[in-house]
Amino acid sequence: MSEQSAFNQNQVAQEAYVEPSGLLDQLNLPAGAVRFLRKNKRILQITAAIVVIAVVAGSLYMSYRTKRLEDAASSLSISMDAEGEAKVKALEHVVAEFSGTPSALWASTELGHASMQDKDYKKAGEYYLLVRDQISNSNPMYGLLTFGIAQADEAGKSYDAATTAYSALKEIKGYKDEGYLGMARVLEAQGNNEKALAVYEEYLGSFLGEEQNERATRMIKEKITRLRVQ
């Protein structure tokens, strides 16, 4: 049979062959869109790879952070069950190992309390200030930490710093009484009776329009009377 036969299998296969269409052609996209995608194929591939990497990295980071927070909370719980020097060491470990976590901030606060008990007032104030600087003034702990700073300064006889702290404290909701009384008390300790009297009078004036405990009002009036006769 001749090689030119119409039934030559090779020839039939070659003539029947049709170049397959691409995926983009099968999607029935506009010709302009197809040309754009083909022209920018490399850039689009790189962009897609970056997006995938970012999503995977974000997922891994969230998993890491979740585990770190859990480990920090567990470590803090264990340290709180310890006593004495062992507790201090454990809390310091939480602060160093899990810096930036809520557990580390709480551990620093506990170290401040421990320093107050040990009469290391300067160190206590530093711990309280360290934590307060890392939270917003809307955080419920802000007022408590400011009170701690004021008490540490007062106990350490850093009266000017204590006065400043108590003055700031009286402007924080829920701490007005502690702020005024602490400020006046520190001024009296310094012998600044006239300034202390002015603070007590301002404090008494702040009661206007508020329901006030009669006992507290009587106490302030007694202090004012005492300072006036000195």
Side-chain angles (χ1 to χ4, degrees), residues 80 84-85 87-88 91-92 94-95 99-100 102-230:
M80 293 296 289
E85 189 62 25
K87 181 175 182 178
V88 171
L91 290 170
E92 289 175 342
V94 175
V95 173
S99 176
S103 295
L105 293 179
W106 191 263
S108 293
T109 303
E110 288 295 327
L111 285 169
H113 297 339
S115 296
M116 284 290 286
Q117 291 177 355
D118 292 339
K119 301 186 186 305
D120 191 344
Y121 304 120
K122 184 175 183 298
K123 193 172 184 179
E126 289 173 350
Y127 275 122
Y128 292 143
L129 185 60
L130 173 68
V131 178
R132 195 185 67 172
D133 285 347
Q134 297 181 64
I135 63 175
S136 68
N137 56 13
S138 62
N139 190 305
M141 285 186 66
Y142 190 88
L144 185 61
L145 289 165
T146 302
F147 189 27
I149 292 168
Q151 286 186 311
D153 288 333
E154 181 181 4
K157 300 188 184 305
S158 298
Y159 293 132
D160 289 342
T163 300
T164 300
Y166 279 123
S167 179
L169 186 66
K170 66 185 176 64
E171 304 300 329
I172 299 175
K173 185 177 180 180
Y175 290 90
K176 184 182 77 172
D177 296 346
E178 290 81 359
Y180 272 111
L181 292 174
M183 190 175 177
R185 184 173 59 251
V186 170
L187 288 170
E188 282 194 74
Q190 291 178 285
N192 295 328
N193 291 343
E194 289 187 7
K195 290 184 178 181
L197 175 60
V199 171
Y200 283 129
E201 289 177 336
E202 181 184 342
Y203 181 34
L204 186 62
S206 72
F207 294 170
L208 296 176
E210 297 182 6
E211 291 187 9
Q212 189 61 40
N213 186 299
E214 291 185 8
R215 181 185 176 197
T217 302
R218 185 170 61 253
M219 178 189 69
I220 300 305
K221 288 181 177 179
E222 289 175 355
K223 289 180 179 293
I224 290 174
T225 300
R226 175 174 55 78
L227 287 173
R228 280 176 177 171
V229 299
Q230 286 183 356

Between Y180 and S206, the two heavy atoms sitting closest are CE1-OG, 4.4 Å
Atom OH in Y166, atom CG in L187: separation rounded to 0.5 Å? 11.5 Å
OG1 on T109 to CD1 on I135, rounded to 0.5 Å: 7.5 Å
Which atoms form the tightest heavy-atom contact between V199 and A184, and what is the distance? CG1-CB, 3.9 Å
Counting C-beta onward and ignoring hydrogens, is there a side-chain heavy-atom pair between T163 and Q190 closer than 4.5 Å? yes
What one should report as the nearest heavy-atom pair of A104 and S99 is CB-CA, 4.1 Å
Closest non-hydrogen atom pair, Y127 against S108: CB-O, 3.6 Å
Which value, rounded to the nearest 0.5 Å, describes the distance between M80 atom CE and K87 atom NZ? 4.5 Å
Mind checking whether M116 and Y128 have side chains closer than 4.5 Å, heavy atoms only? yes
S136 vs Y142 side-chain heavy atoms within contact, under 4.5 Å: no
Check the surroundings of atom CD in E92: do more than 12 heavy atoms from other residues, nucleotides or ligands lie under 6.0 Å from it? yes
D177 and Y203: side-chain donor and acceptor closer than 3.5 Å? yes
Any idea which heavy atoms bring V94 and S103 closest together, and the distance? CG1-O, 3.8 Å
Working to the nearest 0.5 Å, report the span between CG of L111 and CG of L91. 4.5 Å
Output for pair (L129 CG, I149 CD1), nearest 0.5 Å, gives 4.5 Å
Strictly distance-based, threshold 3.5 Å: is any side-chain N or O of E110 a donor or acceptor partner for the main-chain N or O of W106? no
Worked check of salt bridge (Lys or Arg N to Asp or Glu O under 4.0 Å) between K122 and E126: CA-CA 6 Å; K122 184 175 183 298; E126 289 173 350; 2.7 Å; yes
R185: which residues meet the salt bridge (charged side-chain N to carboxylate O under 4.0 Å, His left out) condition with it, sequence neighbours left out? E154
Applying side-chain hydrogen bond (donor to acceptor under 3.5 Å, both in side chains) to N193 and not counting sequence neighbours gives Q230
Considering only NZ, NE, NH1 and NH2 on the basic side and carboxylate oxygens on the acidic side, decide whether E201 and R228 come within less than 4.0 Å. yes
Where do Q134 and L130 come nearest, in terms of heavy atoms and distance? NE2-O, 3.2 Å
Which residues pass the side-chain hydrogen bond (donor to acceptor under 3.5 Å, both in side chains) test with E171, sequence neighbours left out? none
Is it true that Y200 and E188 share a donor-acceptor pair across their side chains at a distance under 3.5 Å? yes
Separation of D118 CG from H113 NE2 (nearest 0.5 Å): 13.0 Å
